[in-house]
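Everything below concerns the one structure shown next.
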Amino acid sequence: MFAVAGVALFGIGCMGLLRSGTDLRRILALNVMGVGVFNVLIATAYDPAGASDPVPHALVITGIVVAVSATAFALVLARAAGRDEDAD
């Protein structure tokens with residue numbers, strides 16, 4: 001179920017990325033795509049026997065930290081680009 005939700009979120013984010021015109025919407029669409037990838041990774045770590053693999057969990061935690069940092073950087077760049085367009 002998590003894998004299907006992850007694929008759906010990735011598809012929604014991809015459509016949002018292709019259809020959006022503003023930088024903020026593109027950044028948000030990339031974040032939605034990232035959440036979809038995180039869901040798929042967590043779904044691959046699931047083991048019905050009870051012993052799940054800790055490596056995908058560690059990758060997701062690291063990915064969340066990187067995604068937050070990259071989102072902050074992208075928002076700062078988008079804001080600076082907007083200021084440059086207003087000055088022209």
Side-chain angles (χ1 to χ4, degrees):
M1 187 161 123
F2 284 111
V4 173
V7 170
L9 281 171
F10 188 85
I12 291 168
C14 190
M15 288 302 296
L17 184 66
L18 295 175
R19 292 181 143 195
S20 66
T22 63
D23 291 338
L24 180 62
R25 288 182 188 231
R26 287 183 184 149
I27 293 168
L28 291 175
L30 282 172
N31 281 336
V32 171
M33 289 172 64
V35 169
V37 170
F38 295 153
N39 273 347
V40 170
L41 276 173
I42 291 295
T44 60
Y46 177 71
D47 185 16
S52 39
D53 188 14
V55 174
H57 291 124
L59 287 174
V60 168
I61 290 172
T62 304
I64 290 169
V65 171
V66 171
V68 167
S69 302
T71 300
F73 184 64
L75 288 172
V76 168
L77 285 178
R79 187 174 182 185
R83 285 185 186 164
D84 289 343
E85 289 175 2
D86 291 340
D88 291 340

Listed once per pair and sorted, the salt bridge (Lys or Arg N to Asp or Glu O under 4.0 Å) pairs that draw on residues 25-41, sequence neighbours left out: Asp23-Arg26
In terms of hydrophobic clustering (I, L, V, M, F, W, Y; side-chain heavy atoms under 4.5 Å; direct or indirect links), are Leu30 and Val37 co-clustered? yes
All heavy atoms of Phe38 vs all of Val60, minimum pair found to be O-CG2, 3.9 Å
Phe10, Val7: one ILVMFWY side-chain cluster at the under-4.5 Å cut-off? no
What pair of heavy atoms forms the shortest contact from Gly13 to Ala29, and how long is it? O-CB, 3.4 Å
Nearest heavy atoms of Leu9 and Gly36, plus distance in Å: CB-CA, 3.9 Å
Separation of Leu41 CG from Asn39 CG (nearest 0.5 Å): 9.5 Å
Return each pair, listed once, that meets salt bridge (Lys or Arg N to Asp or Glu O under 4.0 Å) where at least one residue sits in residues 65-77; pairs must be two or more places apart or across chains. none
From Leu28 atom CG to Leu17 atom CG, the distance as rounded to the nearest 0.5 Å: 11.0 Å
On a heavy-atom basis, which atom in Ala3 and which in Ala43 lie closest, and how many Å separate them? N-CB, 3.6 Å
Can you run down the side chain to side chain donor-acceptor pair (under 3.5 Å) pairs that involve residues 57-71, sequence neighbours left out, and say none if there aren't any? Asn31-Thr71
